Amino acid sequence: MTIRKAVLPVAGFGTRVLPATKAIPKELLPVVDRPALQYVVDEAIEAGIEHIVFVTGRGKGAIEDYFDLSFELEASLASKASKADILLEVQKTRLPAGGASFTRQQEPLGLGHAIWCARDIVGDEPFAILLPDVIVKAEKSCLAQMVEAYDKVGGNIIAVDPVPEERVSSYGVIAPKGERDGRLIEMSAMVEKPPRDEAPSNLAITGRYILQPEIFGLLSDQGAGAGGEIQLTDSMARLMDMQSFYAYEFEGAPYDCGSKLGYFNAVLAHAVDHPEIGDGARELLAKL
Ligand code: UTP
């Protein structure tokens, strides 16, 4: 079955980047000239996703407005010939009618709980999850690469990225099983923040998933795990006993915008490659 729907959980408080996120959703912080979330939505659309399910919460209403038609703004831009290019950019932010749903997670009880909130909208079909904290800079969208792999092997697939071994204890990593097939690696377990000498690999879990709908049944009775939150990883570990699970080492560079330094890194990387300001950005950096 093709992957038509993607869930984007955006209900977290973004405490690591407070106070910037006090009144603005973290997902709308700009990376050069567009919100971080726009990059992630573009990635999903490039992968053929037809319906995006946003799991939002209080104070996140600006996300819904951002992807809607802004009638007054577009009418004003359309009345000025010099603003034609900007109008086009603004129009691209609209999601197609009926192509997005918004459901609320009343309390941020954890990523697993946020995904479970999307169960009725996703229904009984495999689906993708994209954590909007992570932007992946890639020739071909990270999710599109995963969908291609999914068309070959089916089951469940999670994106992984190699990290330096001395930093492995800061990540969730996978335990490989058997031979590797190109970028696909069958896996037997996930280990959260292992000590370096006990890490089963240096392949860090990176915020992109393709999962089978049976995950929802498991999330329904998933108790709180690490940090007192309902963890997606705990239910994925149970699903792994029932179905095949692969890791996919994607081609591209992930930027974690959920932390101050990661966000800064994302802005720099996108600024120096930007067609309009790239040269200027490199000059400024050289001066610094
Ligand atoms: P994070 O833990 O990175 O996001 O969750 P956060 O809670 O907003 O960040 P900090 O730790 O307080 O700084 C990864 C993604 O899952 C969503 C977040 O919005 C983020 O996009 N999430 C997390 C939810 O939607 N609900 C939750 O209960 C937890």
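Counting from 1, the numbers follow the sequence of the chain as shown. Both ligands and their constituent atoms are indexed starting at 1 by order of listing. Computed from a predicted structure; not experimentally measured.
A donor-acceptor pair is defined here as one N or O able to donate and one able to accept, closer than 3.5 Å; no such pair exists between the side chain of Glu249 and the backbone of Pro162.
Inter-residue side-chain proximity for Met190 and Ile205 is flagged as met; some heavy-atom pair is nearer than 4.5 Å.
Sorted by first and then second residue, the ring-ring contact (aromatic ring centres under 6.0 Å, His included) pairs with a member in residues 205-250 read Phe127-Phe216; sequence neighbours excluded.
Between Ala266 and Cys257, the shortest heavy-atom distance links the atoms CB-SG, 3.7 Å.
Tyr39 pairs by the ring-ring contact (aromatic ring centres under 6.0 Å, His included) definition with His270, not counting sequence neighbours.
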Would you tabulate the polar-atom pairs, meaning N/O of ligand 1 against N/O of the protein, with distances under 3.5 Å, reported to 0.1 Å?
residue: ligand 1; atom: 3 (O); partner: Arg16; partner atom: NH2; Å: 2.9
residue: ligand 1; atom: 3 (O); partner: Asp133; partner atom: OD2; Å: 2.7
residue: ligand 1; atom: 4 (O); partner: Lys26; partner atom: NZ; Å: 3.1
residue: ligand 1; atom: 8 (O); partner: Phe13; partner atom: N; Å: 3.3
residue: ligand 1; atom: 8 (O); partner: Gly14; partner atom: N; Å: 2.8
residue: ligand 1; atom: 8 (O); partner: Lys26; partner atom: NZ; Å: 3.1
residue: ligand 1; atom: 9 (O); partner: Lys26; partner atom: NZ; Å: 3.3
residue: ligand 1; atom: 11 (O); partner: Arg16; partner atom: NE; Å: 3.2
residue: ligand 1; atom: 12 (O); partner: Thr15; partner atom: N; Å: 2.8
residue: ligand 1; atom: 12 (O); partner: Thr15; partner atom: OG1; Å: 2.5
residue: ligand 1; atom: 13 (O); partner: Thr15; partner atom: N; Å: 3.0
residue: ligand 1; atom: 13 (O); partner: Thr15; partner atom: OG1; Å: 3.4
residue: ligand 1; atom: 13 (O); partner: Arg16; partner atom: N; Å: 2.8
residue: ligand 1; atom: 13 (O); partner: Arg16; partner atom: NE; Å: 2.9
residue: ligand 1; atom: 19 (O); partner: Ala11; partner atom: N; Å: 3.4
residue: ligand 1; atom: 19 (O); partner: Gly12; partner atom: N; Å: 2.8
residue: ligand 1; atom: 19 (O); partner: Glu27; partner atom: OE2; Å: 3.3
residue: ligand 1; atom: 21 (O); partner: Pro9; partner atom: O; Å: 3.0
residue: ligand 1; atom: 25 (O); partner: Ala11; partner atom: N; Å: 2.9
residue: ligand 1; atom: 26 (N); partner: Gln105; partner atom: OE1; Å: 2.7
residue: ligand 1; atom: 28 (O); partner: Gln105; partner atom: OE1; Å: 3.4
residue: ligand 1; atom: 28 (O); partner: Gln105; partner atom: NE2; Å: 3.2
residue: ligand 1; atom: 28 (O); partner: Leu109; partner atom: N; Å: 3.3
residue: ligand 1; atom: 28 (O); partner: Gly110; partner atom: N; Å: 2.7
residue: ligand 1; atom: 28 (O); partner: Gly110; partner atom: O; Å: 3.2

Please output the side-chain donor-acceptor pairs of residues 111-124 that fall under 3.5 Å, not counting sequence neighbours, one pair per line with the distance.
residue: His113; atom: ND1; partner: Gln105; partner atom: NE2; Å: 3.0
residue: Trp116; atom: NE1; partner: Ser220; partner atom: OG; Å: 3.2
residue: Arg119; atom: NH1; partner: Trp116; partner atom: O; Å: 3.0

